[in-house]
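This report refers to the structure that appears directly beneath it.
Convention: sequence-line order gives letters A, B, ...; per-chain numbering from 1.
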Amino acid sequence: MVDMRTVRGMRDLMGDEMRARNFLVSQATRVFESFGYEPLDSPVMELWETLSAKGGEDVEAETFKFTDKGAREVGLRFDLTVPLARIVASNPHLRKPFKRYAIGKAWRYDRPQAGRYREFMQADVDIIGAASPVADAEVVLVALEFLSRTLKEKYIIKINNRKVLKGLTEVAGVEDSLAHECFRSIDKLDKIGKDGVLEELASRGIPKDATQTLLDALDIGGSGNNALEEFAELLANSEVGKEGVGELKVMSDVFEEVGVSDLIRFEMSLARGLDYYTGPVFEGRFLGKPKVGSILGGGRYDHLIEKFCGTPTPATGISLGIDRIIDIIIAKGLPDKLSKGLDVFIAPLRKNLASKGMKVAIQLIKEGMSVEVGLLGRSLGKLLEYAESKGARYTIIIGPKDIEKNSVSVRDMKEKDTRQVGIDEVVGFFKNTEDKLEW
RNA sequence: GCCUAGGUGGUGUAACGGCAGCAUAAGAGAUUGUGGCUCUCUUGACGGGGGUUCGAUUCCCCCCCUGGGCCCCA
């Protein structure tokens, strides 16, 4: 027997899970196109040199990296942003702003846990060449629109700014060399609480007189401009801090105007990944039952493209974690319309009547209906049972007696009512009952 | 990579150092033209490898996988 397991951390998507993913991908595509983003795809594999451009030893540890048969060092992409940066850098004449979306798989050599897979799908929008925080606000609005159509409730997007965090360390008197250690600790607030952060800060060598300022800052947060006023107050003596707050203010004004402020929280404890972001950062959370970690993340990365081509290029973007959202949607129970079954099942009662069945099926399919023809030559009872299990609204029975009369039997599976319909009038029959078919 | 709890048919579970049982799903039939009930039958499991033992699914060790935590989350 062949070993039939999947590779660690990777999964097959069947039935409802795949229906959920198709739904999410189609919704994401629709939303992205609505906002004027252009589709883009790129190889799942990149040269190792490209993937490592972001720097950091951790990248290597968490990448599927190997040597191909031509002795090239390659790896599976760990996000959709690095490939984008490569493409933008190698196409310097793209008209700006370049707004593109990409939906595809990425791979990370992580330890698998609930909601954390080694192969997962991301849906990404990015804006290249726009330095204004309005661009940052836009990608957040794209994500909000997607969430309102899919999860509908119980979600929030947290926002902060790397410049605000930098300012915070200045105000608190933390050395630059410890700044990243510091961010890493306070980012864990949700997970380990204030006391935990305090311990973390101490163990990472943050001076005691600095920790009080940092801890107080963790309380700052909320929706709308009021929270930002507190940010500004705290960072009054930091130029970079004030700059960061100013950017958030621009974003906040957009959210106020659009009327989505209650879905946004500005939080000083949000840091996200290191090295990579230069300005606003975002993270989305689902507040309901299955805890799956962040469901989206993103931010501004104004220096990444420069690393490839030397040309300073502002950029911002956001990534939706499709696999985690699949898990949420499955747990919530799939909406009926996603699991909607067949419009019509066709039950030939003799094998030699299958061709008649196919003929009728094709006619209905051309009308846009979903139709399946029974292929196993089972008894009528079994065929009806199967039709029911596939959610068929109607079953068309084709047996010798029907053919004698040049007709078929159309059974309404809900009403359990069967009537004779001429074999050439089937399409017309369903056109007239079209309003009954709730598509 | 580290710590920790687990792993029995597709799914959910039971038992035991000595025949691995139940439920459900799936397939066939009772019923070769009108389903969902019922009845009968069938298929299908001890994650893998080593050790202790007359005998291991059970006890021990290693590995793999899953969940939780840590590290990390580009």
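- The closest donor-acceptor contact from the side chain of R118(A) to the backbone of D110(A) lies under 3.5 Å.
- Straight-line distance between the C1' atoms of rU31(B) and rG48(B): roughly 47 Å, to the nearest whole Å.
- More than 12 heavy atoms of other shown residues, nucleotides or ligands fall within 6.0 angstrom of atom CD in Q420(A).
- With distances taken from any side-chain atom of L380(A) to the nucleotides rG69(B), rG33(B), rA74(B), the minimum falls on rG33(B).
- One P atom belongs to rA56(B), the other to rA20(B), and the distance between them is 13 Å to the nearest Å.
- Scored by the side-chain contact (heavy atoms from CB on, under 4.5 Å) test, L198(A) finds T211(A), L215(A) as partners (sequence neighbours excluded).
- Using a cutoff of 4.0 Å between basic side-chain nitrogens and carboxylate oxygens, R19(A) and E17(A) are not scored as salt-bridged.
- For rG21(B), the paired base is rU13(B) (Watson-Crick or G-U wobble, both distances below 3.5 Å).
- Nucleic acid contact for T63(A): base, since at least one base atom lies under 4.0 Å from a heavy atom of the residue.
- When Watson-Crick and G-U wobble pairs are counted only if both distances are under 3.5 Å, rG6(B) pairs with rC65(B).
- Spacing between rC70(B) and rC63(B) at atom C1', rounded to whole Å, works out to 22 Å.
- When distances are taken from the side chain of L384(A) to each of rG35(B), rG29(B), rC73(B), the shortest belongs to rG35(B).
- Base engagement by T418(A) is indicated by at least one non-hydrogen atom pair under 4.0 Å involving a base atom.
- Comparing K401(A) and P112(A) by the nucleotide of RNA chain B whose heavy atom lies nearest to each, the residue mapping closer to the 5' end is K401(A).
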Please list each protein N or O that sits under 3.5 Å from an N or O in nucleotides 1-7 of chain B, with the distance.
from	atom 1	to	atom 2	distance (Å)
rC2(B)	N4	R111(A)	NE	3.3

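- A donor-acceptor pair is defined here as one N or O able to donate and one able to accept, closer than 3.5 Å; such a pair exists between the side chain of R77(A) and the backbone of S42(A).
- Look at K382(A) and you won't find any side-chain N or O under 4.0 angstrom from OP1 or OP2 of rG27(B).
- Under the side-chain contact (heavy atoms from CB on, under 4.5 Å) criterion, E170(A) pairs with K166(A), S238(A), V240(A), sequence neighbours left out.
- Taking atom P on both nucleotides, rA23(B) is separated from rU42(B) by 14 Å, rounded to a whole Å.
- The residue among V7(A) and R378(A) whose nearest nucleotide of RNA chain B lies closer to the 5′ end is R378(A).
- For S409(A), taking side-chain heavy atoms from C-beta onward, the closest of the listed nucleotides rC71(B), rG33(B), rA28(B) is rG33(B).
- The separation of rC73(B) from rA15(B), taken at their P atoms, amounts to 44 Å, rounded to a whole angstrom.
- In the set rC72(B), rG69(B), rG35(B), rG35(B) carries the atom at the smallest distance from any side-chain atom of E385(A).
- Summarising the base pairing, rG27(B) is matched to rC41(B) through a Watson-Crick or G-U wobble pair whose two defining distances lie under 3.5 Å.
- Using a 4.0 Å heavy-atom cutoff across all strands shown, S294(A) reaches no nucleic acid atom at all.
- Annotation: cation-pi geometry not satisfied between R272(A) and Y277(A) (NZ/CZ under 6.0 angstrom from ring centroid, within 45° of ring axis).
- Residue contacts shown for E46(A) are absent, as no nucleic acid heavy atom lies under 4.0 Å away.
- Using a distance-only test at 3.5 Å, with no hydrogens or angles considered, a donor-acceptor pair links the side chain of D302(A) to the main chain of A315(A).
- Here the separation of rG47(B) from rC64(B), taken at their C1' atoms, is 7 Å to the nearest Å.
- Nearest to the side-chain atoms of I397(A) among the listed nucleotides rC73(B), rG35(B), rG33(B) stands rG33(B).
- Residue L383(A) contributes atom CG, which lies 12 Å from atom P of rG27(B) at whole-angstrom precision.
- In this structure, P400(A) reaches the bases: a heavy-atom distance under 4.0 Å links it to at least one base atom across the strands shown.
- As judged by a 4.0 angstrom heavy-atom cut-off over every strand, G299(A) is placed among residues making no nucleic acid contact.
- Across rG10(B) and rG44(B), the matching P atoms stand 11 Å from one another, rounded to whole Å.
- Taking atom P on both nucleotides, rG12(B) is separated from rA25(B) by 15 Å, rounded to a whole Å.
- A cation-pi arrangement is not found for R324(A) relative to F286(A), the charged atom failing to lie both closer than 6.0 Å to the ring centre and inside a 45° cone about the ring normal.
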Polar atoms only, N or O, under 3.5 Å: list the protein pairs with nucleotides 62-64 of chain B and their distances.
from	atom 1	to	atom 2	distance (Å)
rC64(B)	O2'	R5(A)	NH1	2.6

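- Listed by chain and number, the residues in a side-chain contact (heavy atoms from CB on, under 4.5 Å) with E415(A) are D412(A), D417(A) (sequence neighbours excluded).
- As judged by a 4.0 angstrom heavy-atom cut-off over every strand, K188(A) is placed among residues touching the sugar-phosphate backbone only.
- Applying the side-chain contact (heavy atoms from CB on, under 4.5 Å) criterion to I362(A), with sequence neighbours excluded, gives K366(A).
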